[in-house]
Novice: 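Please find one structure pasted underneath; my questions will follow.
Quick caveat, the model's predicted, so the values are computed rather than measured.
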Amino acid sequence: MERLIGIDYGRKRTGIAASDPLRIFASALETVDSTKIIEYLKNYAKNERIIRFIVGWPVNMDGTPSEAQSDVASFLQTLQKAFPDVPIEKEDERFTSVLAHQVMIDGGMKQKDRRDKKSVDKISAAIILQSWMDRTSGASAAIDPTSVPESLSKKKTKRR
């Protein structure tokens with residue numbers, strides 16, 4: 001079956017998500033060591049046809065390149081060499097970690113489990129992929145990071 005793959009690349013860990021065959025929703029798959037990401041994706045591609053990669057593109061709130069952007073750019077080159085026939089799209093990843101934490105809270109995940117950065121990475125990958133799918137399908141659920149007021153972007157969740 002054909003799948004879109006969402007990737008939240010980091011120096012140490014990389015979160016991975018996949019679309020359903022109809023490309024309606026994204027599901028978190030795994031978090032892998034970043035040195036093994038290409039190997040993981042090649043193994044995944046043995047069972048599923050990857051038709052596009054959606055990679056989180058790190059930018060600052062003002063739209064300037066973030067510190068991590070050069071790491072992601074290097075990864076994109078490696079990914080393109082490993083999968084020359086699969087298109088790659090970049091998706092703004094501002095707020096994905098914040099949204100991932102909120103998803104975990106809303107889902108009832110215990111505070112101890114929310115501290116696991118592996119969970120945040122794979123949920124962030126799913127958010128990146130879902131955002132791209134929503135935006136490109138014309139759905140209204142996509143979040144435009146530039147439209148979020150600064151006061152909300154710094155808001156912390158209250159303990160209850």
Novice: Evaluate the side-chain proximity of W57 to I128: yes if any heavy-atom separation is below 4.5 Å, no if none is.
Specialist: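 The answer is no; the side chains never approach within 4.5 Å.
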Novice: With a 3.5 Å distance limit and no angle check, can you tell me whether S131 reaches the backbone of I127 through a side-chain donor-acceptor pair?
Specialist: no
Novice: Using 0.5 Å steps for rounding, measure from the CG atom of D85 to the CD1 atom of I50.
Specialist: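 Reported value, rounded in 0.5 Å steps: 12.0 Å.
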Novice: Rounded at 0.5 Å granularity, tell me how far CE in M133 sits from CD in E91.
Specialist: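 One gets 10.5 Å once the value is rounded to the nearest 0.5 Å.
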Novice: Please report the shortest heavy-atom distance between Y9 and D71, naming the atom on each side.
Specialist: CE2-O, 3.8 Å
Novice: Measure from the side-chain N and O atoms of Q130 to the backbone N and O of I24, and report whether any donor-acceptor pair falls under 3.5 Å.
Specialist: yes
Novice: Is there any salt bridge (charged side-chain N to carboxylate O under 4.0 Å, His left out) pair reaching into residues 32-47, and which pairs are they, with sequence neighbours excluded?
Specialist: none
Novice: Consider side chain to side chain contact (heavy atoms under 4.5 Å, CB included). Of D121, I16, T14, which one does T31 pass it with?
Specialist: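 Of D121, I16, T14, side chain to side chain contact (heavy atoms under 4.5 Å, CB included) with T31 is met by D121 alone.
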Novice: So does P58 get a backbone contact from the side chain of Q69, meaning a donor-acceptor N/O pair under 3.5 Å?
Specialist: yes
Novice: Answer whether the closest heavy-atom distance between the side chains of K90 and I54 falls below 4.5 Å.
Specialist: no
Novice: Under the criterion side chain to side chain contact (heavy atoms under 4.5 Å, CB included), I'd like the reasoning laid out for E48 against E2: C-alpha separation, chi angles, the key distance, then a yes or no.
Specialist: CA-CA 6 Å; E48 302 286 347; E2 296 182 340; over 6 Å; no
Novice: Taking the side chain from S124 and the backbone from D8, do they hold a donor-acceptor pair closer than 3.5 Å?
Specialist: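 Here the side-chain-to-backbone pair does not exist.
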Novice: Please collect all ring-ring contact (aromatic ring centres under 6.0 Å, His included) contacts where either partner lies in residues 13-55, sequence neighbours excluded, each pair once.
Specialist: F53-F83
Novice: Under the salt bridge (charged side-chain N to carboxylate O under 4.0 Å, His left out) rule, what do E89 and R52 come out as? Steps first, then yes or no, please.
Specialist: CA-CA 7 Å; E89 301 280 341; R52 186 175 309 269; 2.9 Å; yes
Novice: Any idea which heavy atoms bring A17 and A125 closest together, and the distance?
Specialist: CB-C, 3.6 Å
Novice: Quick one, I5 and I51 - any side-chain contact, counting heavy atoms below 4.5 Å?
Specialist: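 I5 vs I51: side chains apart.
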Novice: Would you check if I7 and L129 make a side-chain contact, meaning some heavy-atom pair closer than 4.5 Å?
Specialist: no
Novice: Indicate the atoms forming the closest heavy-atom contact of P21 with R3, along with that distance.
Specialist: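 Minimum heavy-atom separation between P21 and R3: CD-NH1, 3.3 Å.
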Novice: Show the nearest heavy-atom pair for residues I38 and A82, with the distance to one decimal.
Specialist: CG2-CB, 3.6 Å
Novice: Is there a donor-acceptor pair under 3.5 Å between the side chain of S19 and the backbone N or O of A26?
Specialist: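 The answer is no, because no donor-acceptor pair under 3.5 Å joins these two groups.
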